[in-house]
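Everything below concerns the one structure shown next.
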There are 2 protein chains.
Amino acid sequence: MSCGQNQAMTTSPADKPVGLRERKKARTRAAIQDHALRLFTEQGYAATTVEQIAEAAEVSQSTFFRYFPTKEDTVLYDRLDPVLIEHFLNQPADVGPVAAIRAAVHEVFRGLDEEQAELEAARQRLVLSVPDLRAKLFEQFTEGMRMLHDAILRRLGRERDDFAVRMWTGALTGVVLAAYVTSIEEGGDFLEYIDRGLTQFEQGLPL
Amino acid sequence: MSCGQNQAMTTSPADKPVGLRERKKARTRAAIQDHALRLFTEQGYAATTVEQIAEAAEVSQSTFFRYFPTKEDTVLYDRLDPVLIEHFLNQPADVGPVAAIRAAVHEVFRGLDEEQAELEAARQRLVLSVPDLRAKLFEQFTEGMRMLHDAILRRLGRERDDFAVRMWTGALTGVVLAAYVTSIEEGGDFLEYIDRGLTQFEQGLPL
DNA sequence: AGAAAAAACGACAGCTACTATCAAAAGATA
DNA sequence: TATCTTTTGATAGTAGCTGTCGTTTTTTCT
């Protein structure tokens, strides 16, 4: 019923402090997020109040804001970015950076089951259609750019503030963002657009 | 005293309906924006209320929101993007797209006097330091990406939905954004970073 | 098991960005 | 001057978000 939350890996790998408290917290978080997304798609983002979400999830407003600092975060709380970076860093050292990114993206998105993929698609559509959410999403992208920048630096053994790497990372982020927007506007598989975009990038972005 | 508002060119070029009403509107808009920016830099963005800005500009809150739909827009109301596009389109047809962009950026930013440049710099610093403003700025960048996409299509005579152009534009926007962020973080001339970024882009983004 | 400590919760009050409405004031027009 | 339109201000209201505090629930210690 509830969508799978991958929260367990936030703690250290050795101990498993999955006490009753942790389980209830995870359930509450998932309930809030699920009901929020359902209400948003049913009656629109702006027309849905935090009070309604809290009521549907059977928590108080105080509790809502303890779990999600803003209403927007019920949609944009990003679980995927750190996972992507992790997969990227785990790629073998001899593959090029673009190939490593391609592999990481594939590994993460192919790992979603159909229900998760469906939910993710709905979420993406919602995000791009609501201005406030769009704005925050774009900021997330640039935060991702920064993380990617650090990862690339480490991978290539470059020193900090390498301007060429900065521009390279910026361009690649722009490509991914453009592919993302295109996939929403044109419809179709997100992964395919990313793939084509990365190929263009590898070929030097011919016009 | 008041910073130069280039509002006049929004009307059709033939008539000049610069009546008393129009002049007062321009003055009010400038007053709100100036006092807002001053208060933001003096006491911080979040700590400054709309009420304070309205009081400083000697207008009611109603009037404030008639001029600026949101508090953020006092900082982010962008007058430069359409000007940039216009200059880009006015470049001679035989220069390449990157060179045309470079020329347009130079023309626009070199056209600012020292006071305007100083104000613009303060504005840029403020924008990147406040999360809410950052988010909206990034959205503006992608709107700029869309406008640039259309302009490039027209310039190259391509048909709509050319994937290669989309990726090219996305990458270029990413480069400009990265150069922008770098110029804020590292300090130094904004134009110089843009120039170097565009050069990197022209050279195929070597690592 | 029982007590103490810690964490989570709900209720309430308050601030502020933002919207809607409507009457008064100011500018344009004749 | 008189009329018509645009702009403005006052007021009331909604909703996101914060802070506080007493209560309940869960964990930990003995």
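- Ion pairing between a basic and an acidic side chain is recognised when a charged N comes within 4.0 Å of a carboxylate O; B:Arg166 and A:Glu186 show such pairing.
- Toward the 5′ end of DNA chain D lies the nearest nucleotide of A:Thr48, the other residue of the pair A:Thr48 and A:Arg66 mapping further downstream.
- Counting only heavy atoms from C-beta on, A:Thr28 has its side chain closest to C:dC9 among D:dC17, D:dA10, C:dC9.
- For the pair B:Lys71 NZ and C:dC18 C1', the computed distance is 12 Å after rounding to whole Å.
- For the pair A:Gln61 CD and D:dG19 P, the computed distance is 16 Å after rounding to whole Å.
- Residue A:Phe65 places its side chain closer to D:dT18 than to any other of C:dG10, D:dA10, D:dT18.
- Across the protein-nucleic acid pair, A:Phe68 atom CZ and D:dT18 atom C1' stand 18 Å apart, rounded to whole Å.
- Between B:Phe201 and A:Trp168, a ring centre-to-centre spacing not shorter than 6.0 Å is recorded.
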Below 3.5 Å between N/O atoms, which protein atoms pair up with nucleotides 2-6 of chain C? Just atom names and distances, please.
none

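- OP1 and OP2 of D:dT25 both lie 4.0 Å or more from every side-chain N or O belonging to A:Lys24.
- Rounded to whole Å, the distance from CZ on A:Phe64 to P on C:dA8 is 18 Å.
- Which of D:dT7, D:dG9, C:dA17 sits closest to the side chain of B:Ser62 comes down to D:dG9.
- An OP1 or OP2 oxygen of D:dT8 is reached within less than 4.0 angstrom by a side-chain nitrogen or oxygen of B:Tyr67.
- The side chain of B:Lys25 contributes an N or O atom lying less than 4.0 Å from OP1 or OP2 of D:dT7.
- The nearest whole Å value for the distance from the CD atom in A:Glu22 to the P atom in D:dT26 is 13 Å.
- Of the side-chain N and O atoms in A:Thr63, one or more sit less than 4.0 angstrom from OP1 or OP2 of C:dG10.
- Here D:dG16 presents its P atom at 13 Å from CG of A:Leu133, a figure rounded to the nearest Å.
- Counting only distance, with no hydrogens or angles, the side chain of B:Arg158 and the backbone of A:Leu207 share a donor-acceptor pair below 3.5 Å.
- Going from atom CD of B:Glu51 over to atom P of C:dA17 covers 9 Å, rounded to whole Å.
- Taking the centre of each ring, B:Tyr180 and B:Tyr193 stay at or above the 6.0 Å mark.
- Atom CZ of B:Arg146 has 12 or fewer neighbouring heavy atoms from other residues, nucleotides or ligands inside a 6.0 Å radius.
- Checked against the 6.0 Å centroid criterion, the rings of B:Phe141 and A:Phe138 do not qualify as a close aromatic pair.
- Across the protein-nucleic acid pair, A:Arg29 atom CZ and C:dC9 atom P stand 11 Å apart, rounded to whole Å.
- Counting heavy-atom neighbours within 6.0 Å of B:Glu58 CD, excluding the residue itself, gives a total of 12 or less.
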